[in-house]
**Q** 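Following this message is one structure expressed as structure tokens.
Side chains are part of it too, since the values below use all heavy atoms of this structure and drop only hydrogens, waters and symmetry mates.
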Amino acid sequence: MIGRLLVANRGEIARRVFRTCRELGIQTVAVFTDADASAPHTAEADQAVRLGAPLAYLDPERIIEAARRSGADAVHPGYGFLSENAGFARAVLDAGLTWIGPSPEAVAAMGRKIEAKALMAEAGVPVLPTIPLSPDGPVEVTAPVLVKASAGGGGRGMRVVRDPADLAGAVESARREALSAFGDGTLFAEPLLEGARHIEVQILADAHGTVWALGERECSIQRRHQKVIEEAPSPAVTPELRRELSEAAIRAARAIGYQGAGTVEFLLSDEGFFFLEMNTRLQVEHPVTECVYGVDLVRLQIEVAEGAHLAALPPSPVGHAIEARLYAEDSTGRPQSGVLHSFEIPGVDGEFGLGARLRLDSGVLSGSEIGVHYDPMLAKVVSYGRDRAEAARRLADALARARIHGLTTNRDLLVGVLRHPDFLSGALDTGFLDRHPAPAPLAGPEAVRLSALAAALAGAAANRAAARRDGVLGGLPSGWRNVPSQPQRAVFHAEDGGRLEIAYRLTRDGMRAEGFDDVTLVAVDPGRVVLETAGLRHAFEVAAYPGVRPGAVHVDSPLGPVRLTPVERLPEPAARVTPGALPAPMPGTVLRVEVKPGDVVEAGQPVVVLEAMKMEHLIVSPASGTVAALHVTPGAQVEAGVPLAVIEPSPPGEPDGGPHADATGTAPATGPATGPATGPGAAAGPATGAGSDPDRGDHPGADGRPETSPETSPATTPDASPETSAAISPETGAAFSAEIGPEIGPEIGPEIGGEIGANPGGEATQP
């Protein structure tokens, strides 16, 4: 029996495992890096062992030493990081510890795509044809195909080829990237199935020959091939198809002698279903299966590792569950960092708990600081209902009413999808968000105006309360001034960049606000304002964070959440940015410098490669010119807004080449970024591509790898002037999923740039 268990992971999955351990009476051990010293998972464990630098979660020796020091007798890998590293699994067993997972041999068997597909085909599992791509000679294929790295993960070494003429260039690029990321340039191609669904089957197997298939999960809602919303069961799967999928998944598990929890992933199209990969671990979206089948998958993992027998037949499913992944990211997918001032999801009746109608699995709390080292996923919010419609409505409502202050999130995107007619009808495939990329914000223009008025009134009430508390002019009426005809004024910037000027007077007859002729004030205090408009009353909850620069006011109401930035009447002088400077878009590490002083560069030419938030960001020249200065060297740590280089533009009259397209034909976009810059000295900087996690898509719809390469991810430019802004190349706008899972930044493994890894691991590839 296991007495003390160490979780070799962080964040919400560590907290999730701790919850089950407490129920089983098992003592818990957390590991943490310096970046996670104050993280919730560190505080919740019975013991916690410091590992050191952010990369240390990937160090097997440190993990095993932590187990020895703490007296742990078992290790649970969570997901990501080392969870699909066969070498780590073997090292845990060799240390005399219990490994909560499949055998190292089973992990290794699924570690390389070409061999895994061949093994599955031999076991009778449907697979797509494999087209070898030899480095010794040209290969002719019929497009469209997907070029993939056999040892790859997270989109590294992957290219979509729709024109046969592009194959040679795609293969060369993919091989170079795969060698850099995984130390293995072996490639293959397979037919590209567009408009398909991503379906996966949860399996659980004991050491005595029993294998359960716990139904399927629909994971087709993906943003840039990263899962966004998952559900169980799939609205597309009939009982007969479910039986066929389950039988195929069980054959896959038996073929490698599988033990423990895992997932077999398929691509489902009109042509049938096809094996993509097998994730030899627990997955991020496991809660939806727990809700529908009434099981605790972590408990079952532990009991199987202790030698328990599973029942002959699995439980039957009841109801429907939907999970939404809440990320700290702006509308372009650029990860956000900073302090999460408030994090409250109304209606939650179970944290990490079974039997909840609204479940919250989160690695953060109000006051948590979201850094740049790990994945920006804040939480998984899971709803359960008697049917799909009930679950979708409950989840959308909870997210819309959530109080999330301090960081921009993808909340509007999630609610927009959950309320979209196509989603509600079950018309899903992995291109859903390509067809519906930008749902309207929850708060429309009128809601933003009313929220700004409420913020101004609440701010004035707060000032009055402070004056009374401090005994400073507390007896004067609100808005008192020598010229009573002049109104009180407040100015805010909205998140879309718009400017809102509020002017009002409070008189004996009530409030008179310019531009709000039909609005009356019902009640006001520093945290709550009630307004009536057109006979309808609306309550606005107002939270101001004056200590945050440039300041923030969050207004929550049934009309939609609104974030405002107060405009100071007498702003402090701002630092002048050198014309042509390329500022860092966020805190990060300089990986490479691609130019030297004096070089002549073209618009869109790479200048610096910056690593931050699990992504490589290619900082490119915004115009043709000459490199006048370089301020960084490889390995340098930089804060947001710090100039990386200075490009002296070409003199007028010399063509700058216009918009410069990269090798994929994708030019840097020119739209403004919507998220604020972060970190000390933050300034407007280049926007960046989407982050990654251990559950990215492999095909249109696959969970572990993007359909397209990072080279095709959209890019945006900052909301700064052309003279002071940098551009981000689409080349590196996507992140790289890796065996380090949803947790860590690009410098430390395939998910973070591939410096560590070799073996793939489904949703997270091995360092």
**Q** Got a second to check how far Lys117's NZ is from Glu277's CD, nearest 0.5 Å?
**A** 11.5 Å
**Q** Going by salt bridge (Lys or Arg N to Asp or Glu O under 4.0 Å), name the residues that satisfy it together with Asp296, two or more places apart in sequence or in a different chain.
**A** Arg16, Arg19
**Q** Could you walk me through whether Glu231 and Ile221 pass side chain to side chain contact (heavy atoms under 4.5 Å, CB included), step by step?
**A** CA-CA 10 Å; Glu231 59 183 304; Ile221 302 297; 5.9 Å; no
**Q** When you compare the side chain of Leu395 with that of Ile229, does any pair of heavy atoms fall below 4.5 Å?
**A** no
**Q** Would you mind reporting whether Asn9 and Val17 have side-chain heavy atoms less than 4.5 Å apart?
**A** no
**Q** With rounding to the nearest 0.5 Å, note down the distance linking OG in Ser220 to CG in Leu268.
**A** 8.0 Å
**Q** Can you tell me how far the CE atom of Met377 sits from the OG atom of Ser362, to the nearest 0.5 Å?
**A** 8.5 Å
**Q** Distance from Asp429 atom CG to Glu194 atom CD, nearest 0.5 Å?
**A** 10.0 Å
**Q** Identify all side-chain donor-acceptor contacts of residues 348-357 below 3.5 Å with residues at least two apart in sequence or on another chain.
**A**
| unit_1 | atom_1 | unit_2 | atom_2 | d |
| --- | --- | --- | --- | --- |
| Asp349 | OD1 | Arg357 | N | 3.1 |
| Asp349 | OD1 | Leu358 | N | 2.9 |
| Asp349 | OD2 | Arg357 | N | 3.2 |

**Q** Between His420 and Phe432, is the gap from one ring center to the other below 6.0 Å?
**A** yes
**Q** Do Arg388 and Phe423 pass the side chain to side chain contact (heavy atoms under 4.5 Å, CB included) test, and can you show the C-alpha distance, the side-chain angles, and the key distance before you say yes or no?
**A** CA-CA 10 Å; Arg388 188 169 184 267; Phe423 177 85; 3.5 Å; yes
**Q** Which residues pass the salt bridge (Lys or Arg N to Asp or Glu O under 4.0 Å) test with Arg359, not counting sequence neighbours?
**A** Glu290, Asp361
**Q** Classify the angle between the aromatic ring planes of His208 and His309 as parallel (below 30°), tilted (30 to 60°) or perpendicular (above 60°).
**A** parallel
**Q** Taking all atoms of both residues into account, what is the closest heavy-atom pair of Arg411 and Ala400, and its distance?
**A** NH1-O, 3.7 Å
**Q** Residues two or more places apart in sequence or in another chain: which of them pass side chain to side chain donor-acceptor pair (under 3.5 Å) with Gln202?
**A** Arg217
**Q** Under 3.5 Å, is there a donor-acceptor pair linking the side chains of Gln222 and His198?
**A** no
**Q** Any idea which heavy atoms bring Glu216 and Pro233 closest together, and the distance?
**A** OE2-CB, 3.2 Å
**Q** Roughly how far apart are Leu297 CG and Leu214 CG, rounded to 0.5 Å?
**A** 6.5 Å
**Q** Which pairs count as ring-ring contact (aromatic ring centres under 6.0 Å, His included) when at least one residue sits in residues 235-254, sequence neighbours excluded?
**A** none
**Q** For a quick test of reading the model, state the closest non-hydrogen atom pair linking Glu390 to Tyr384 and the distance between them.
**A** OE2-O, 4.3 Å
**Q** Does anything in residues 269-306 form a ring-ring contact (aromatic ring centres under 6.0 Å, His included)? List the pairs, not counting sequence neighbours.
**A** Phe266-Phe273
**Q** Tell me, with the steps shown, if Val295 and Leu300 meet side chain to side chain contact (heavy atoms under 4.5 Å, CB included).
**A** CA-CA 8 Å; Val295 297; Leu300 290 171; 4.1 Å; yes
**Q** Apply side chain to side chain donor-acceptor pair (under 3.5 Å) to Ser246 and list each qualifying residue two or more places apart in sequence or on a separate chain.
**A** none
**Q** What pair of heavy atoms forms the shortest contact from Pro439 to Gly416, and how long is it?
**A** CB-CA, 3.9 Å
**Q** Once salt bridge (Lys or Arg N to Asp or Glu O under 4.0 Å) is applied, do any residues pair with Glu271, and if so which ones, sequence neighbours excluded?
**A** none
**Q** If every non-hydrogen atom of Gly78 is compared with every non-hydrogen atom of Ser83, which pair is closest and at what distance?
**A** O-CB, 3.6 Å
**Q** Mind checking salt bridge (Lys or Arg N to Asp or Glu O under 4.0 Å) for Glu244 and listing every partner two or more places apart, or none if nothing turns up?
**A** none
**Q** Salt bridge (Lys or Arg N to Asp or Glu O under 4.0 Å): which pairs involve residues 303-317, sequence neighbours left out?
**A** Arg299-Glu303
**Q** Please walk me through it: do Val141 and Val161 pass side chain to side chain contact (heavy atoms under 4.5 Å, CB included)?
**A** CA-CA 10 Å; Val141 300; Val161 178; 5.5 Å; no
**Q** List the atom pairs, with distances to 0.1 Å, where a side-chain N or O of residues 254-262 and a protein N or O form a donor-acceptor pair under 3.5 Å, not counting sequence neighbours.
**A**
| unit_1 | atom_1 | unit_2 | atom_2 | d |
| --- | --- | --- | --- | --- |
| Arg254 | NH1 | Gly209 | O | 3.0 |
| Arg254 | NH2 | Gly209 | O | 3.4 |
| Tyr258 | OH | Ala261 | O | 2.6 |

**Q** How close do Trp99 and Ala89 get, heavy atom to heavy atom, and via which atoms?
**A** CE2-CB, 3.5 Å
**Q** Once side chain to side chain donor-acceptor pair (under 3.5 Å) is applied, do any residues pair with Thr28, and if so which ones, sequence neighbours excluded?
**A** Asp46
**Q** Quick one, Arg325 and Glu230 - any side-chain contact, counting heavy atoms below 4.5 Å?
**A** yes
**Q** In the structure I gave you, are the side-chain heavy atoms of Val381 and Leu414 within less than 4.5 Å of one another anywhere?
**A** no
**Q** Hey, does Asp375 have a side-chain heavy atom less than 4.5 Å from the side chain of Tyr327?
**A** yes
